[in-house]
Structure formats: structure tokens, C-alpha cells
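The block underneath contains the structure these notes are about, expressed in C-alpha cells.
Hydrogens, waters and symmetry mates play no part in the numbers below; they use all other heavy atoms, side chains included.
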Amino acid sequence: MTSENRIRQIRNIGIIAHIDAGKTTLTERILFYTGKTHKMGEVHDGQATMDWMPEEQERGITITSAVTTCYWLGKEIHIIDTPGHVDFTIEVERSLRVLDGAVGVFCAVGGVEPQSEKVWHQADKYKVPKIAFINKMDRLGADFPGVVEQMKKLLGVYPLILTLPIGSEDSFQGVFDLIKEKMIVWDEATQGIVLKESSIPEEYREEVSEARENLLEALAGLDDAIMEKYLEEEPINDNELHEAIRRACVGLQCVPVYCGSALKNKGVQPLLDGITRYLPSPLEVPPVKGINPVTDNVEKRLSRDNAPLSALAFKVQMDQGRKMTYVRVYSGKLATGDEVWNPGKKYKEKAARILQMHANKRERIKEAEAGNIVAVMGLKHTSTGDTLCDQKHPILLEPIESYQPVISVAVEPKTIGQQEKIDAAFSKLSEEDPTFNVMFDDETGQTIISGMGELHLEILVHRLLREFNACVTVGKPQVVYRETVQKSVNIEERFDREIGGARQTGTIILQVSPRERGLNNRVISELEPECLPEGYEALILDTIAQRLESGVLKGFPVIDVEVVLKGAVFEEGLSTDVSFRAAASIGVQRACEQADPVLLEPIMSLEILIPELFMGDVIGDLNSRHGRVERIEPRGPIQVVKAIAPLSRMFGYSTKLRSMTQGRGTFTMVFSHYDPVS
């Protein structure tokens with residue numbers, strides 16, 4: 001098989017969704033039906049193949065994205081099963097960065113839930129073609145048309161329904177395939193391995209014919225070849241439909257929609273067919289782009305084995321104390337023992353071993369080719385978002401965006417002798433997880449760890465004990481605040497002191513102004529080209545940016561401000577880099593003090609699902625937490641309360657909500673924005 005034909009058979013896909021939509025259960029069925037596993041592991045039994053961490057098995061949730069490879073209809077499918085909990089959203093972000101396609105899983109009862117919406121838009125950001133699978137059609141309250149409408153309304157997608165459910169809830173039997181015009185039911189005695197196709201029963205023919213006509217009409221609006229045949233009322237064969245759907249899906253014009261019940265082993269094989277037919281191979285997505293660090297030119301890398309090596313490290317994992325780096329190879333080949341170049345850190349690295357992963361199990365392979373997702377041992381300096389390439393043909397790919405932690409706790413060792421062990425453990429954990437930060441507070445002598453939520457930090461503390469045998473005492477959660485300014489200030493700062501027996505001077509003029517919330521900091525210069533000797537302007541701007549990392553009220557980072565370097569005075573023989581650094585640092589501090597500084601706190605967006613009976617208690621409790629209800633929507637027998645509230649008031653909310661609603665209320669909470677402390 002030629003290199004091009006081999007790459008054409010690859011599908012790099014991710015399974016994305018809200019927590020408890022059934023991602024891992026669906027992945028288990030995919031592995032079973034493709035012959036990768038011989039027994040289906042269940043999430044509720046703690047036996048799911050992809051949930052291999054003890055913390056995942058105990059809680060029945062996915063915490064870390066797991067990679068595996070399976071085969072269907074001659075296609076090689078690399079699958080990443082991602083977490084659904086908002087605290088682990090970095091796992092979704094870095095997975096989507098290296099994937100060519102995604103399967104969005106939606107609960108037929110819950111519909112498009114908040115985290116489903118978030119991960120869908122994360123995929124949109126990377127222009128990832130998607131297929132939708134509406135799961136749990138056997139559950140009480142399943143509403144297939146309702147979820148499709150929510151997809152249109154909340155996700156802005158153009159859904160193409162390819163399978164219709166036969167019944168729902170207790171009466172869910174199977175699906176109607178709208179392209180084949182067949183009824184498909186699954187044999188429960190064989191765990192869904194055996195499926196039976198038959199003609200459409202008379203009582204369903206009108207419904208299926210109408211749905212197929214809607215499909216053809218929708219495709220005609222997307223594809224000229226189908227439009228021509230549709231208007232001429234010529235017959236359109238299945239292959240023509242498949243090709244048209246594929247073009248529209250890869251072109252981000254539509255989302256093919258399937259349905260079923262992964263837990264009841266129904267609807268998975270048609271979805272697998274759709275993954276191989278409609279999601280793109282690495283050849284069908286735009287070539288990866290990067291900056292040549294030598295020439296600063298934008299370059300492309302075609303997905304070819306004979307092209308120069310370009311790869312992205314998207315995940316780091318500690319494996320029994322050793323560093324294992326997950327890598328997506330975009331072009332070229334990476335062989336065991338090869339030396340590769342990390343252009344971001346300017347290090348040569350050696351690929352000691354290359355592994356094909358199946359969750360936490362692995363198989364040694366000699367080389368990774370273009371389009372492959374593998375794990376590499378021996379990359380000592382490489383971290384999440386780093387590029388690996390051929391040093392003779394350097395390229396720096398776009399890094400992976402991270403997220404700022406919003407919650408912190410203080411931790412202390414239970415015994416004095418464990419501090420060194422804890423420091424080493426935190427160093428390894430923070431290398432794995434870019435959203436986990438560790439700092440030492442000189443004033444209190446405490447180690448402060450920060451993360452994305454209470455569950456995130458709880459998991460990390462559990463891993464300390466389980467993996468590193470280190471016990472810590474954990475303090476109460478603390479909110480990670482920010483600072484900003486509320487008015488514009490111009491300031492001139494002159495530094496003039498004797499240092500080491502020599503007079504050093506430097507004068508700068510700064511303007512500090514507030515920016516709109518969420519726009520981040522902007523540090524720019526308006527100096528004339530000849531105002532300062534070479535190197536001084538960059539040094540001053542760098543000092544300003546560093547000084548903004550610590551505010552003037554409580555020492556929290558300053559956000560959403562613009563600092564403009566408007567002027568500078570260089571005095572020959574007196575001005576030095578030390579004097580200009582000092583002037584910049586003092587000037588930023590004085591400007592922020594005069595610009596009406598304010599403390600900001602993280603505001604969270606909440607979606608609370610409760611029976612109407614408990615509405616009054618829940619809203620009253622939200623008001624007491626300084627929360628604000630934005631809207632209330634009915635969803636069947638459940639009311640959906642959408643609100644915002646300060647994170648500082650939301651600790652322990654899950655316990656309180658369970659108490660108020662007799663255990664029947666659930667909620668999700670995601671970071672929204674920063675606002676002045678009330």
C-alpha cells in the first residue's frame with residue numbers, strides 16, 4: 001500500500017460530550033464491535049477499558065483522555081475518549097487540537113447540556129468536522145426530535161438525520177436507516193453483535209419516506225450534484241448520497257446525526273459506518289501550518305511520510321515515575337532512536353521508545369508515520385504544546401491554549417520528612433496538567449495548589465497519596481482573585497540613584513488604561529525608532545508585562561489593562577538596563593495605584609436542573625449566595641434554572657442542592673467572567 005493510500009485509511013477522532021452522556025460506554029461498544037476487546041466493560045461497574053485510573057473507576061467518570069486504535073471496514077481509527085466534567089476541560093482542548101474529526105454524544109433526555117455546548121464550540125474553534133450520536137434512546141423522557149431542535153438552536157448546526165429511532169423509552173427497538181431504507185434491530189442474546197436488516201414495516205413507511213425526503217432536500221441545498229438529480233427527479237444511488245454527505249461534513253456544512261442506546265448495544269455499528277464514511281482522513285483536512293523560527297515565514301506541512309517531520313506533543317503523562325509524551329505526527333516519520341528538534345525550547349530530544357496505546361496498555365512499535373497518534377518515551381524537555389521536528393527543516397506549530405486556575409487550597413505535609421516527596425510529586429503532576437499550578441507562600445510557609453475546581457483538586461490530592469505515597473493536610477478552598485484598573489492614567493517615572501558607586505538614571509512615560517473584560521492585557525510602545533538604543537525598548541515592555549503579574553491591592557495578577565510606553569529618556573553614560581527596569585516597574589505600580597484599582601472575583605455560570613416543586617427553595621438559596629437568575633426554561637417535567645454567582649459563595653453547593661431537592665437536583669458550573677468583588 002502506498003503512503004498516500006495508507007494515510008487515506010486513517011481516522012483520528014475524539015468522543016466529546018457533557019458528563020454522563022455516555023461517551024465512555026459508547027467507546028467500550030466501539031472497541032467490542034471492532035474486535036479490539038472481547039468483553040464490554042461497564043462504567044458503573046468500574047470496569048471500563050478507557051477509564052483505567054483508580055479515581056475514574058471509583059467515581060464512574062472520565063478524568064484523563066485515553067487513546068486507543070481499532071479497525072472497521074478497513075479503516076484505522078485512532079480514538080481519544082475525553083472527559084465530560086468541566087474541571088478537566090484542558091483534556092478536551094488538547095485532544096481536539098490534534099484530531100481530524102469528532103463524535104458529539106448527546107443524552108436523549110438531557111439534550112444539549114452546558115458542557116456539551118462548550119466542547120462543541122471548542123471543536124468549532126479548531127474547525128473539526130463532527131458527527132452526532134443521540135444516546136440513551138431507551139431512557140424515560142427520551143426525545144429525539146427535541147434534541148435535534150436543541151442542536152439547531154444552541155449549537156447552530158445543520159443536522160442531517162441518517163437514522164431514525166424505532167420507538168423510544170421502553171419501546172425503543174432499533175433504528176431506521178434512511179439511506180438504505182431499511183429497519184435495523186439488534187439481537188440482545190449476542191450483545192448486539194448480530195443485527196438484522198429488513199424492509200420498512202407498512203405502519204412506518206410514511207414517517208420514513210417523509211424523513212428521507214427531508215434528507216434529500218437538505219442535501220440538495222448543500223451539494224450541486226444532488227441538487228441537479230433531485231430537481232430532475234432522477235434516482236440517486238447510495239454511493240452518491242454517501243459522497244455528498246462526506247463532502248458536506250468535511251466542509252463543515254452539516255452534521256450527520258445517528259441515534260441509539262450504547263448501554264443496550266443498539267445503534268453503534270451504523271455510527272461506526274458513519275465515522276469511516278464521513279469523517280476526514282489526515283489528507284482531507286487542511287495541511288498543518290507553523291512558523292519557521294529561522295525565517296519567520298509561515299510554512300505548511302503536507303500529511304506525507306516523505307515530508308520533513310512535524311509533530312505536536314499534546315499530552316504528558318507520568319508512567320511509574322517515567323515521562324511519557326503523547327504525540328500527533330503530522331508529516332514525516334518518527335523512528336525509535338531518532339533525534340528530533342524541539343524548536344520552542346531549542347533542545348535536541350531522543351525518542352527512546354515509541355508506543356501504540358490502548359488506554360493504559362501499550363505495544364512497542366518501530367516507527368510512527370504521518371497521521372499516527374502515539375506515545376513516546378525519552379523526551380525529557382518536551383511538554384504539552386511543544387513542537388517536534390527535523391532540525392534541518394524547523395517549524396513551530398501553534399501551541400495549545402491553556403486555562404487559568406480559579407480555585408486554590410493550601411496543603412501541608414502531615415510529617416516534616418514528607419515535604420521533599422510532596423514537592424517532587426507536585427512537580428510531576430504540574431508537568432502532566434497545565435491547569436494545575438503550585439506556588440510556595442513565603443509569608444505563611446504554605447504550599448498553595450490551584451486548579452479548575454473542587455473536584456480537580458480533590459483528584460490531585462488523592463493521586464498524591466495513591467501514586468506517590470505522600471499524605472497532606474488540605475485547607476479550605478480559596479478563590480483565585482484578579483485585579484484591574486477603572487480609569488486611564490498618564491505617569492512619568494524617573495529612576496535616579498547611585499548603585500555600586502555609580503549613578504544610574506532612566507526616565508519613561510506610561511499610559512495605563514482599562515480594557516473591556518476578557519480582552520486580556522496589552523503592552524505596546526509608541527516610541528520613535530531612534531529614541532532608545534537597541535534592546536532597551538523590548539526590555540522595558542518585558543518588565544511592564546512581568547510587573548502586571550502582581551497587583552497593587554492584594555498582589556493578584558492584573559488583567560484587562562493596556563499599558564502604552566509613550567516616551568523614554570536615555571542619558572549617555574548614566575542610563576542602564578537596571579535603571580530602565582526599575583523605572584518601568586515603579587512606574588507601573590504608581591500608575592495602577594492612581595488608576596482606581598479594583599479587586600475582581602471569578603463569576604460562575606450555573607445550569608441547575610430541578611423538579612418544579614423545589615423552585616422556590618433553590619432560587620431563595622441562590623439569592624442568599626449573591627447569585628442572579630438569568631432565565632428559567634422548562635424541559636419536560638424538569639425546570640432548568642440558568643444563573644450566575646460568585647465562586648466564593650458556591651463552595652459546598654452540591655451538598656446543599658441535594659439536601660434542598662431530596663437528591664433530585666443536579667447542576668453544572670463553569671467559569672464565566674471576572675467582576676468587581678461585591
Residues, nucleotides or ligands: over 12 heavy atoms within 6.0 Å of Lys289 NZ:
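For Lys289, atom NZ is not crowded (no more than 12 foreign heavy atoms under 6.0 Å).
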
Looking at Lys300, I want to see if its NZ is surrounded by more than 12 non-hydrogen atoms of other residues, nucleotides or ligands under 6.0 Å.
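Open.
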
Would you check if the side chain of [X] reaches a backbone N or O of [Y] as a donor-acceptor pair within less than 3.5 Å?
X      : Y      : answer
Asp560 : Gly518 : yes
Thr382 : Leu379 : no
Arg11  : Leu279 : yes

Taking only residues two or more places apart in sequence or in another chain, which ones pass salt bridge (Lys or Arg N to Asp or Glu O under 4.0 Å) with [X]?
X      : value
Asp177 : none
Glu243 : none
Arg482 : none
Asp273 : none

Interatomic distance, [X] atom [atom1] to [Y] atom [atom2] [nearest 0.5 angstrom]:
X      : Y      : atom1 : atom2 : value
Lys333 : Asp390 : NZ    : CG    : 14.5 Å
Leu263 : Glu28  : CG    : CD    : 11.5 Å
Ser303 : Tyr330 : OG    : OH    : 10.0 Å
Phe133 : Cys107 : CZ    : SG    : 11.5 Å
Glu398 : Tyr126 : CD    : OH    : 6.5 Å
Ile79  : Leu31  : CD1   : CG    : 5.5 Å

Does [X] pair with [Y] as a salt bridge, N-O distance under 4.0 Å?
X      : Y      : answer
Arg6   : Asp305 : yes
Asp100 : Arg328 : yes
Lys380 : Glu349 : no
Glu284 : Arg8   : no
Lys350 : Glu339 : no

Contact between [X] and [Y] at the side-chain level, heavy atoms closer than 4.5 Å - yes or no?
X      : Y      : result
Leu302 : Ser331 : no
Asn12  : Pro282 : yes
Leu162 : Tyr258 : yes
Met151 : Val112 : yes

Looking at residues at least two apart in the chain, or sitting in another chain, which of them share a side-chain contact (heavy atoms from CB on, under 4.5 Å) with [X]?
X      : value
His673 : Ile603, Ile644, Asp675
Gln269 : Tyr33, Trp72, Trp186, Leu195
Tyr71  : Thr69, Glu76
Asn297 : Thr295

When you compare the side chains of Lys345 and Ser383, does any donor N or O come within less than 3.5 Å of an acceptor on the partner?
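Checked: Lys345/Ser383 side chains pair up, N/O donor to acceptor below 3.5 Å.
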
Would you say His393 and Asn292 are linked by a side-chain donor-acceptor pair, where the criterion is simply a distance under 3.5 Å?
no

Please identify each residue that fulfils ring-ring contact (aromatic ring centres under 6.0 Å, His included) with [X], with sequence neighbours left out.
X      : value
Tyr347 : His381
Phe106 : Trp120
His121 : none

Per the side-chain contact (heavy atoms from CB on, under 4.5 Å) rule, which among Ile77, Ile131, Ile80, Leu99 passes with Ile13?
Ile77

What pairs meet the side chain to side chain donor-acceptor pair (under 3.5 Å) rule with one or both residues in residues 152-163, with sequence neighbours excluded?
Glu149-Lys152

Quick one: do Glu432 and Gln317 satisfy side-chain hydrogen bond (donor to acceptor under 3.5 Å, both in side chains)? Show the steps, please.
CA-CA 5 Å; Glu432 276 192 17; Gln317 185 177 309; over 6 Å; no

